[in-house]
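Notes for the one structure printed next.
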Amino acid sequence: MSDTTTRAAPAKPNRGYGRWTPAWFLAPAVLTLLLIGIYPTLFALVTSFRRYNITRPRDGFPFIGFENYVNVLTDSTFWSSLLLTAKFYVTVLPIQVVLGLVVALLLHKPGMGMLKSLARVTLVVPLATTYAVVGLIGRLIFNRDFGVANQFLGFVGFGPIDWLSTPNGAFAAIVIMDVWQWTPFCALIFLAGLSMVPGEIEEAARLETSSKLALLRHVQLPYLLPGLTAVMILRSADVLKLFDMVFVMTRGGPGSATDLISIYIQRVGFRIFDLGTASAQAILLLILTIIISRLYIRLLYREVH
Amino acid sequence: MRGKVLHAVGLTAVVVFSLFPFLWMVAASFKTQADILASPPVWFFTPTLQNYTEIFADTKVSGAIINSLIVATCSTILAVLLGAPAAFALARYEFRGKSDLWFWFISNRMISPIVLALPVYLLAMQANLLDTHLVLILIYLTFQLPIVVWIVTDQFKSIPADLEQAARLDGADQFTIFRKIYLPLGAPGIAVSAIFSFIFSWNELLYALVLTRRNVQTAPVVATSFMSGYELPWGKIMATGTVIVLPVTIFALIVSRHMVRGLTMGATK
């Protein structure tokens, strides 16, 4: 009964609220999230142990133990889809980090007040654009016959590319659209980091060295690292979630060239209607996400405690 | 001098890079089908309002926009009603399991919608809730509540404790303190969190695609549904896209200072 001992402690100040007061304020949100978040997740967990194909209801939905998991883990398409997701991540991340850093440095540099505010505001546009509409824009820009991407290629002396119907072209196209949408995110995070550098330290460093690179490495980099960690982890979760833009642009095709994990699970669940297998895949994806978000919390919210 | 020119060129490139795809869509929405299909693409053309008159006459598009408005508004209001009291508890009280609760709220930001879309589809089918506003409103709370809780907790924490002390001496109970002090003083944070909630649910596609059929299709679903068939109505598609994106872009510009906080859940301050 540790409660009684803490209560008996006479030094405890009157906090002005009862023991159950926090619960009253928390209950509505917690109960809602239990109902709409945890309950469906448990339902998916149960489904993942069943044979559950709703196009064949006559077979019933019998429990089959770990069969779905065995099937998923031995299914080479599942692994190649995860691998493709990883490949997408390691392709977009360095581009977004480097471009984002360049943009942040441009926005941090003194001078050009008006143009700088304009550039800062326009960064919000890609971030706010509906993901599905980003996909629609991609279809327009990367069209083989009348897309503006091929016109640009023509300007620099390259022939037209059949972007969306060739595996490499389609992959490149979704990479470009993702870079367009998420580079501003990196830029704004790095800009926040740069503005944390104390003014006098930066001034002193500027007087001491004329090398921008030395300034970046010795003075600004320590302030950029927390942001970089945030970008790396959040973007990995975002790539695992990525669905809308790719679905609209390529539906995972041609073949399986852009079949990222969320697209793949969606197809197993809602095109093939094999919900048992899809649930097992989703649970595995959830486990992966939980590991990532634990990492995120461990690395970035330490100072909260 | 050279540095200045490079700086200006660089910043101009940022503006062009950020705006070009968006403006290219807007331009296409004012083109005739022939202008859109021209190869190589035309940059100068006589604008037409044809696409807009067509989509506003199309009940499918206007209905979808109304659906999007209903779902985004209702779910945002619910998220604030449920989230603000929770934020008050997290900002002001100490209790056991607080940090676990906190992390649970935040983890919801990371989870892929496909994980919930599968079971919610089956549950909604059993409960006869497929193709209703209600199911979308409820499921959108899974990502809206964490956003509201995070941003509003942050705002509530910045309210000085002396105000509360004074009110308590006057005999105010906790609920009165929440209503009379925290809600009004936290209003800016609540507004920002509401705008983010609205943007995220307005933009959502996967849940809406899976959980709706004919009656409750939201705007992104209808915009993508144009994308099948042989002769694509490009002008209409781009006009619909513009109509979907324009309101959220305006909202996003209003909260642009908080953009990073909204997207990272405050990991980088």
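Note: hydrogens, waters and symmetry copies are ignored here, and every other heavy atom, side chains too, is used. What you are looking at is a predicted structure, and each value in this text was computed from that prediction instead of being measured. Naming: A, B, ... by sequence-line order, numbering from 1 per chain.
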If you count heavy-atom pairs within less than 4.5 Å of chain A, which of [options] leads?
options	result
I177(B), L82(B), V42(B), V255(B)	L82(B)
R92(B), M238(B), R257(B), M227(B)	M227(B)
V14(B), L206(B), T142(B), T249(B)	L206(B)

Give, as side chain, backbone, both or neither, the part of [X] having an atom under 4.5 angstrom from any heavy atom of chain B.
X	answer
D145(A)	backbone
F190(A)	neither
I54(A)	side chain
T129(A)	both
F273(A)	side chain
V30(A)	both
R139(A)	both
T32(A)	side chain
L106(A)	both
P184(A)	neither
N150(A)	neither
I38(A)	side chain

Taking every heavy-atom pair that is under 4.5 Å apart, which of [options] has the most such pairs with chain B?
options	value
S236(A), A237(A), A29(A)	A29(A)
T47(A), V231(A), L188(A), T41(A)	L188(A)
G154(A), S262(A), G193(A)	S262(A)
W24(A), Y131(A), F185(A)	F185(A)
L140(A), L99(A), L105(A), L275(A)	L140(A)
V134(A), L107(A), L26(A)	L26(A)

Are any non-hydrogen side-chain atoms of [X] and [Y] less than 4.5 angstrom apart?
X	Y	answer
L123(B)	Y39(A)	yes
D244(A)	L209(B)	no
F17(B)	T122(A)	no
L116(B)	P40(A)	yes
I233(A)	M110(B)	yes
S112(B)	T289(A)	no
L123(A)	S18(B)	yes
L122(B)	F43(A)	yes

So how far is it from [X] [atom1] to [Y] [atom2], rounded to the nearest 0.5 Å?
X	Y	atom1	atom2	value
I199(B)	T130(A)	CD1	OG1	9.5 Å
I290(A)	I111(B)	CD1	CD1	6.0 Å
I137(A)	F22(B)	CD1	CZ	7.5 Å
I114(B)	R267(A)	CD1	CZ	11.5 Å
L118(B)	Q281(A)	CG	CD	9.0 Å
T12(B)	L118(A)	OG1	CG	9.0 Å

Checking [X] against chain A: side chain, backbone, both or neither under 4.5 Å from a heavy atom?
X	value
I36(B)	both
L232(B)	side chain
V248(B)	both
Y93(B)	both
I139(B)	side chain
A38(B)	backbone
K98(B)	neither
F226(B)	neither
L145(B)	side chain
W234(B)	side chain
N108(B)	side chain
F88(B)	side chain
Q165(B)	neither

Between S256(B) and R120(A), the two heavy atoms sitting closest are O-NH2, 4.4 Å
query = Looking at the rings of F20(B) and W180(A), which for Trp means the six-membered one, are their centres under 6.0 Å apart?
reply = no
### Task
Specify whether F25(A) and F178(B) have parallel, tilted or perpendicular ring planes, treating 30° as the upper limit for parallel and 60° as the lower limit for perpendicular.
perpendicular
